[in-house]
Amino acid sequence: MKASEFEKDTQYFRFCAYGFLKNLKFYEPFIMLFLLEQLAGNFSQVGILYALRFIIRTLLEIPSGIIADALGRKGSLVFSYACYILSFISYFLANSFILLLIPTVLFGVADAFRTGTHKAMIVDYLNLKGWNAHKTSYYGYTRSWSQTGSAISSLATLIIFFLVPEYRIIFLLSGIPYVLGTINLLSYPAYLNKCDTNSKESSLLKIKDKFRDCLYMLSSRATIKKLVGTSTFFGYHHALKDYLQPVALSISFALPVLISDKVDNAMVFLVPAIYFVIYLLTTAASRNSGKAQQLFTSTHRSIKLLSITGGVLGIAMGLFYYFQQPLISLFFFAAVFVCINLQRPAVVSYISSGFNQKSMATVLSIESQLGSLLAAIFALVGGVIADIYGLAATLIIISIVLILLTSLIWFNGNENNHLPNSE
């Protein structure tokens with residue numbers, strides 16, 4: 001079966017709707033600018049908030065995956081969406097560093113209960129359909145709808161900001177897609193929940209069994225090495241992607257025709273428009289990730305090469321920003337976004353190829369947890385570097401670290417494409 005011949009049944013469109021609604025993040029083009037405004041331009045405090053979010057996510061990532069596998073994935077996702085909605089309300093109300101801690105923690109909890117869980121549902125569905133050989137393409141297609149949602153979200157943000165030129169209202173409106181997303185999740189068929197309602201085991205015993213499986217998987221040094229290898233680029237991207245906003249802002253300073261007397265006017269035009277173009281590119285990247293995979297001799301080689309490529313592009317965007325060429329720097333930012341969206345479908349396919357399917361949410365949560373831990377370190381260190389040496393230094397140094405980690409930690413000399421099975 002070719003990727004273009006997938007049966008686009010009802011569940012396929014539910015998966016696409018999930019990604020589309022999840023990525024209607026109206027706040028995204030302005031989140032870092034909003035935080036810098038509230039914190040008087042203090043990058044270190046912004047870095048602390050980002051790091052806290054990723055630390056919370058790291059601490060809860062594995063437990064949330066275990067709970068999802070043991071007690072049901074739909075309930076886990078619905079709880080996640082409830083936390084997102086509460087975080088948006090809290091962002092709307094916050095006006096100081098202390099108050100910003102509340103939505104940061106809620107967002108971290110929401111991320112922990114979401115990441116890995118929905119991917120596990122897709123993997124189960126493909127197994128049920130007998131489409132295992134097409135995981136990269138299928139996930140790439142559904143992920144492309146996430147990127148489409150991001151693109152449309154950027155245009156919607158532009159309209160919203162014109163009507164109500166205030167960052168806070170954008171957070172409040174961001175809850176609407178998540179309410180719709182909750183309704184979509186509740187429509188998922190029961191067999192994707194993977195919770196054995198007929199089992200006589202208690203919920204506590206189920207969690208205990210899943211936790212034991214998790215410890216078994218973590219006991220393998222080779223497994224951890226490979227999961228760190230797949231998650232390094234993910235952590236890098238999540239920690240640095242919002243620095244695109246101050247880079248875009250520096251472009252607005254260079255365009256006096258647009259800004260008239262107010263830089264904010266340029267931001268309204270430029271930042272969402274830039275995000276829109278980037279997400280059109282990432283939509284195409286996700287949709288064609290399966291085809292891109294065919295250019296490599298193996299899945300793990302493509303993952304490694306894309307990580308190193310992302311680091312090289314990151315160094316370039318830092319250098320051009322340092323030499324006051326923000327437009328060129330922005331081009332390399334976009335290229336990094338494309339690389340991560342070519343890579344992630346391959347990562348899901350790679351990880352899901354060798355583990356017990358009943359523990360897939362746990363496995364993917366472990367991988368995501370490692371990425372979150374790296375993102376926390378990158379965000380915290382990056383914020384301090386930006387305050388002391390400037391944003392360009394952050395981009396360059398963290399990108400060099402990405403290349404070194406990928407080269408040193410990634411599986412050396414092992415061509416085996418499968419991870420140890422937890423059974």
Is a donor on one side and an acceptor on the other found under 3.5 Å between the side chain of [X] and the backbone of [Y]?
X	Y	answer
R53	I48	no
N193	K74	yes
S329	M317	yes
S231	V228	yes
S187	N184	yes
S87	P103	no
T282	F337	no
T394	G382	yes
S76	R73	no

Suppose we call two aromatic rings close when their centres sit under 6.0 Å apart. Are [X] and [Y] close by that rule?
X	Y	answer
F113	Y81	no
Y125	F15	yes
F333	Y243	no
F233	H238	no
F88	Y27	yes

Gap separating the [atom1] atom of [X] from the [atom2] atom of [Y], nearest 0.5 angstrom:
X	Y	atom1	atom2	value
L391	I385	CG	CD1	11.0 Å
L244	I274	CG	CD1	6.5 Å
Q325	L327	CD	CG	8.5 Å
D111	L60	CG	CG	10.5 Å
F276	S153	CZ	OG	11.5 Å

With a 4.5 Å heavy-atom cut-off, do [X] and [Y] have their side chains touching?
X	Y	value
V336	Y236	yes
E28	K241	yes
L192	Q11	yes
I403	I315	yes
L172	I169	yes
R14	T10	yes
L374	T232	yes
F26	I176	no

Quiz question: by atom type and distance under 3.5 Å, do the side chains of [X] and [Y] form a donor-acceptor pair?
X	Y	answer
Y50	T104	no
S286	Q147	no
S44	D387	yes
S307	Q343	yes
N23	Y279	no
Y84	R114	yes
N341	R143	yes

Checklist entry - Given the rule in the salt bridge (charged side-chain N to carboxylate O under 4.0 Å, His left out) test, do R344 and E367 qualify, once you have shown the distances and angles that lead to the verdict? => result CA-CA 12 Å; R344 288 311 289 178; E367 195 266 348; 3.1 Å; yes

Checklist entry - Would one find more than 12 heavy atoms of other residues, nucleotides or ligands at under 6.0 Å from atom CZ of F97? => result yes

Item to check | Full working for salt bridge (charged side-chain N to carboxylate O under 4.0 Å, His left out) between D9 and K129 | outcome: CA-CA 11 Å; D9 56 10; K129 287 285 190 177; 3.6 Å; yes

Checklist entry - Is there a ring-ring contact (aromatic ring centres under 6.0 Å, His included) between Y138 and Y12 once you walk through the steps? => result CA-CA 9 Å; Y138 190 93; Y12 170 85; 5.7 Å; yes

Next on the checklist: Give me the atom names and distance for the closest heavy-atom approach of Y275 to P29.
Outcome noted: CE1-CA, 3.6 Å

Checklist entry - Should the pair F171 and Y91 be assigned to parallel (<30°), tilted (30 to 60°) or perpendicular (>60°) ring geometry? => result parallel

